[in-house]
J.: 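Below is one structure. I have some questions about it.
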Amino acid sequence: MLVGKVALVTGAGKGIGRAIALALAKEGAVVAVNYQSSREAALETLRLIQEKQGTGEIICCDVSDHEAVRSMVDGLIARYGRLDILVNNAGVARDGLLARMTQEDFSKVIETNLMGTFYTIRYTARQMVRQKEGRIINITSVTGITGNAGQANYAASKAGIIGLTKTAAKELARKGITVNAVAPGFIRTDMAAAVPEQILTKAINTVPMGRIGEPEEVADLVAYLASEKAAYITGQVICIDGGMI
Ligand code: NAP
């Protein structure tokens, strides 16, 4: 149970982030639902939390803006007096072949996925160190492990998250803070829906389990890593991909 814990989930208005926010709230955590542009979706996440007697709030913040991240984290700590769980879920993709990829598309993905994860960890870890406990869970991707044609920027950002996770785990282990990464395969969200159907069907055929994963399946793993039961797990990258890699 996560009663008495305060969690921040980035990009929690929809998809995997929403499922994670709901799973943590179900365990009793107060959940801050971060969004950047989808305010209505974030409000719907909050409504779903409250419908199940959970509590939380929505917070608008672009995770690639370090000043905005600082004020989001400081505001949460001022309001609740603590911050126990950070889930870095916000992510974007701007796919294209490497030779034709623009600098803008490469930077956008790195700034959101990797720099955003760095900023939230930097500001949140200070509070967790003071508390002598905390859980940080970063959503990477199997693409960050294997690479994927057409996703140089995305794969680089997700591989960067893995290096960041392992390093933060080592630096924070003696402070009572665990840092892990979750690497999903194909999960049923808007991000997967953006992949042309023919390509997605072909990709799903490469999954040994022969099906796409559900956001709730990723959320259950994240809730486990956030729990007391996962106290001795840190610096790990856990794939949830139906046996893909
Ligand atoms: P999604 O439905 O497209 O949701 C992405 C979320 O990220 C949205 O809530 C969006 O919020 C938020 N976001 C984007 N840029 C942001 C920014 N600058 N600041 C704050 N929030 C921002 O994607 P998803 O499939 O649920 O993906 C969630 C995570 O899982 C991502 O990190 C993704 O890379 C990873 N992942 C997904 C899959 C998959 O198959 N779906 C596989 C592997 C890994 P706004 O709408 O408010 O901008």
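Atoms within a ligand are numbered from 1 in the order they appear, just like the ligands themselves.
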J.: Which residue holds the protein heavy atom closest to atom 9 (O) of ligand 1, what is that atom called, and what is the gap in Å?
T.: Gly11 O, 3.1 Å
J.: Can you tell which part of Asp62 has a heavy atom less than 4.0 Å from ligand 1: side chain, backbone, both or neither?
T.: both
J.: Would you mind checking which non-hydrogen protein atom is closest to atom 43 (C) of ligand 1, with the distance to 0.1 Å?
T.: Pro184 O, 3.4 Å
J.: Take a 6.0 Å sphere around CZ of Arg39 and say whether it holds more than 12 heavy atoms from other residues, nucleotides or ligands.
T.: no
J.: With a sphere of 6.0 Å drawn around CZ of Arg100, does it hold more than 12 non-hydrogen atoms of other residues, nucleotides or ligands?
T.: no
J.: Mind checking the CG-CG spacing from Asn180 to Asn138? Nearest 0.5 Å is all I need.
T.: 8.5 Å
J.: Minimum distance, heavy atoms only, to atom 46 (O) of ligand 1: which one of Ala193, Ser38, Ala41 is it?
T.: Ser38
J.: Counting from 1, what ligand 1 atoms have a heavy atom of Ser37 closer than 4.0 Å?
T.: 45 (P), 46 (O), 47 (O), 48 (O)
J.: Please check if the side chain of Asn34 supplies one atom and the backbone of Ile59 the other of a donor-acceptor pair under 3.5 Å.
T.: yes
J.: With heavy atoms of Gly15 as the reference, note each atom of ligand 1 found under 4.0 Å away.
T.: 26 (O)
J.: Using a 4.0 Å heavy-atom cut-off, say whether Ala42 meets ligand 1 through its side chain, its backbone, both or neither.
T.: neither
J.: Has Gln198 got more than 12 heavy atoms of other residues, nucleotides or ligands less than 6.0 Å from its CD?
T.: no
J.: Less than 4.0 Å between a side-chain N and a carboxylate O, is that true for Arg211 and Glu217?
T.: yes
J.: Tell me, which protein residue and heavy-atom name are nearest atom 40 (O) of ligand 1, and how many Å apart are they?
T.: Ile187 N, 2.9 Å
J.: Which of the atoms of ligand 1 are close to Ser141, meaning less than 4.0 Å from one of its heavy atoms?
T.: 43 (C), 44 (C)
J.: Specify side chain, backbone, both or neither for Thr140, according to which of its non-hydrogen atoms lie closer than 4.0 Å to ligand 1.
T.: backbone
J.: May I ask you to decide whether Asp190 forms a salt bridge with Lys14, counting only side-chain N to carboxylate O separations under 4.0 Å?
T.: yes
J.: Just go through Ala192, Ala12, Gly91 and tell me whose heavy atom is the nearest to atom 7 (O) of ligand 1.
T.: Gly91
J.: Quick one: nearest non-hydrogen protein atom to atom 13 (N) of ligand 1, plus distance?
T.: Ala90 CB, 3.9 Å
J.: Looking only at protein heavy atoms, which one is nearest to atom 34 (O) of ligand 1, and how far off is it?
T.: Tyr154 OH, 2.5 Å
J.: Hey, looking at atom 2 (O) of ligand 1, which of Val218, Asp190, Asn138 has the closest heavy atom?
T.: Asp190
J.: Give a yes or no on whether the backbone of Ala41 and the side-chain of Thr45 come within a donor-acceptor separation of less than 3.5 Å.
T.: yes
J.: Salt bridge between Arg47 and Glu44, side-chain N to carboxylate O under 4.0 Å?
T.: yes
J.: Give the residue, atom name and distance (to 0.1 Å) of the protein heavy atom nearest atom 25 (O) of ligand 1.
T.: Thr189 OG1, 2.4 Å
J.: Using heavy atoms and a threshold below 4.0 Å, how should the contact between Ile16 and ligand 1 be classified: side chain, backbone, both, or neither?
T.: both
J.: I'd like to check which ligand 1 atoms, numbered from 1 as shown, lie under 4.0 Å from a non-hydrogen atom of Cys61.
T.: 19 (N), 20 (C)
J.: Say whether Gly185 and ligand 1 are in contact under the criterion: heavy-atom distance to a ligand atom below 4.0 Å.
T.: yes
J.: Give the residue, atom name and distance (to 0.1 Å) of the protein heavy atom nearest atom 8 (C) of ligand 1.
T.: Lys14 CE, 3.7 Å
J.: Flag yes if more than 12 heavy atoms outside Glu104 fall under 6.0 Å of its CD atom; otherwise flag no.
T.: no
J.: Angle between ring planes, Tyr119 versus His66, binned at 30° and 60°: parallel, tilted or perpendicular?
T.: tilted
J.: Starting from atom 23 (O) of ligand 1, what is the nearest protein heavy atom, named by residue and atom, and what distance separates them?
T.: Met191 CB, 3.7 Å
J.: Measure the shortest side-chain to side-chain distance between Leu46 and Val31 over non-hydrogen atoms and say whether it is less than 4.5 angstrom.
T.: no
J.: Do NZ/NE/NH1/NH2 and the carboxylate oxygens of Glu133 and Lys5 come within less than 4.0 Å?
T.: yes
J.: Just heavy atoms, cut-off under 4.0 Å: does Tyr35 contact ligand 1 by side chain, backbone, both, or neither?
T.: both
J.: When you measure from atom 32 (O) of ligand 1 to each heavy atom in Val63, Val92, Asn89, Val182, which option holds the nearest one?
T.: Asn89
J.: Just heavy atoms, cut-off under 4.0 Å: does Arg39 contact ligand 1 by side chain, backbone, both, or neither?
T.: neither
